[in-house]
Amino acid sequence: RLAYAQTEVEQLNLVQSELKTEKESLEQALAESERSLEEMISTNEALTQELAEQEETLSAELGEVREKLADAVETLGVLRGEKEALLAEKEATTAALAESERNLEEMISTNEALTETLEDTQGQLTQLEEDAAA
């Protein structure tokens with residue numbers, strides 16, 4: 001009986017030793033998992049912070065782009081207004097130039113008629129002088 005009890009004790013000691021080894025192994029694996037989890041949490045926090053900073057930067061850049069776009073739209077409106085004013089001014093200038101050309105043509109025609117009348121008058125005056133001299 002004693003031998004049986006000793007065998008049982010030895011087997012229990014062996015099982016206890018195996019369980020102790022397995023417990024130590026599990027505790028070591030748990031500690032390693034905890035370290036790994038802490039590293040992941042730390043990395044996640046860093047990435048979250050970086051993402052927040054990038055979002056803030058992008059938000060600021062988007063605000064600047066929106067302001068520039070609003071300025072560009074406003075400038076475009078002003079330029080369109082100026083273009084329309086210049087086109088109207090061009091049309092008015094073209095009409096005034098056409099009127100000036102018509103007036104110039106009338107003046108040339110009048111000048112030609114006056115020159116012809118003057119030449120006729122001078123011819124008559126010469127004829128009268130010749131008649132008076134004769």
Side-chain angles (χ1 to χ4, degrees):
R1 253 181 146 179
L2 183 61
Y4 175 75
Q6 281 181 334
T7 304
E8 279 291 314
V9 168
E10 286 175 10
Q11 285 181 348
L12 287 175
N13 284 338
L14 185 60
V15 167
Q16 185 180 15
S17 175
E18 288 174 1
L19 288 174
K20 184 178 178 184
T21 303
E22 189 174 334
K23 178 185 173 191
E24 288 172 357
S25 176
L26 288 173
E27 285 175 345
Q28 187 177 18
L30 178 61
E32 198 172 303
S33 292
E34 286 175 348
R35 280 192 301 274
S36 178
L37 182 59
E38 287 173 4
E39 287 176 13
M40 288 181 191
I41 290 171
S42 176
T43 301
N44 188 22
E45 288 172 351
L47 290 173
T48 300
Q49 176 65 32
E50 184 179 336
L51 183 60
E53 290 170 3
Q54 287 178 356
E55 183 179 356
E56 186 178 323
T57 300
L58 289 175
S59 179
E61 289 175 0
L62 179 60
E64 290 174 11
V65 167
R66 284 183 177 155
E67 285 179 23
K68 288 178 181 178
L69 182 58
D71 290 347
V73 167
E74 183 179 334
T75 301
L76 183 58
V78 169
L79 290 175
R80 283 185 179 151
E82 289 176 3
K83 176 185 172 188
E84 289 173 11
L86 288 172
L87 286 174
E89 186 178 329
K90 177 186 173 189
E91 288 177 17
T93 302
T94 302
L97 180 60
E99 181 67 25
S100 294
E101 287 176 353
R102 283 190 295 276
N103 290 339
L104 183 58
E105 288 173 3
E106 287 177 18
M107 287 180 187
I108 289 171
S109 177
T110 302
N111 189 23
E112 289 173 350
L114 289 173
T115 301
E116 193 176 308
T117 302
L118 180 61
E119 288 172 354
D120 289 347
T121 304
Q122 284 177 343
Q124 290 173 1
L125 181 61
T126 302
Q127 186 64 42
L128 286 174
E129 287 175 350
E130 288 175 0
D131 289 347

Using side-chain hydrogen bond (donor to acceptor under 3.5 Å, both in side chains), reason through Glu45 and Gln49 one step at a time and then give a plain yes or no. CA-CA 6 Å; Glu45 288 172 351; Gln49 176 65 32; over 6 Å; no

Take atom CD of Gln28 as the centre, draw a 6.0 Å sphere, and report whether it contains more than 12 heavy atoms from other residues, nucleotides or ligands. no

When you measure from the side chain of [X] to the backbone of [Y], do you find a donor-acceptor pair of N or O atoms at a distance under 3.5 Å?
| X | Y | value |
| --- | --- | --- |
| Ser109 | Glu105 | no |
| Thr117 | Ala113 | yes |
| Thr48 | Asn44 | yes |

Residue set satisfying side-chain hydrogen bond (donor to acceptor under 3.5 Å, both in side chains) with Glu34, at least two apart, ordered chain then number -> none

Applying side-chain hydrogen bond (donor to acceptor under 3.5 Å, both in side chains) to Gln54 and not counting sequence neighbours gives Glu50

Members other than Val9 in its cluster, when Ile, Leu, Val, Met, Phe, Trp, Tyr link by side-chain heavy atoms under 4.5 Å? none

Show me the pairs that pass salt bridge (charged side-chain N to carboxylate O under 4.0 Å, His left out) and involve residues 18-32, at least two apart or across chains. Lys23-Glu27

Side-chain donor-acceptor pairs under 3.5 Å in residues 125-134, sequence neighbours left out?
from	atom 1	to	atom 2	distance (Å)
Thr126	OG1	Gln122	O	2.8
Gln127	NE2	Asp131	OD1	3.1

Can you check whether Leu47 reaches Leu51 side chain to side chain, under 4.5 Å on heavy atoms? no

Stepwise side-chain contact (heavy atoms from CB on, under 4.5 Å) test for Thr110 and Leu114: CA-CA 6 Å; Thr110 302; Leu114 289 173; 4.0 Å; yes

Rounded distance [0.5 Å steps], NZ in Lys68 versus CD in Glu61: 9.5 Å

In a table with atom names and distances, give each donor-acceptor pair under 3.5 Å that connects a side chain of residues 82-97 to protein atoms at least two apart or in another chain.
from	atom 1	to	atom 2	distance (Å)
Thr93	OG1	Glu89	O	2.8
Thr94	OG1	Lys90	O	2.8

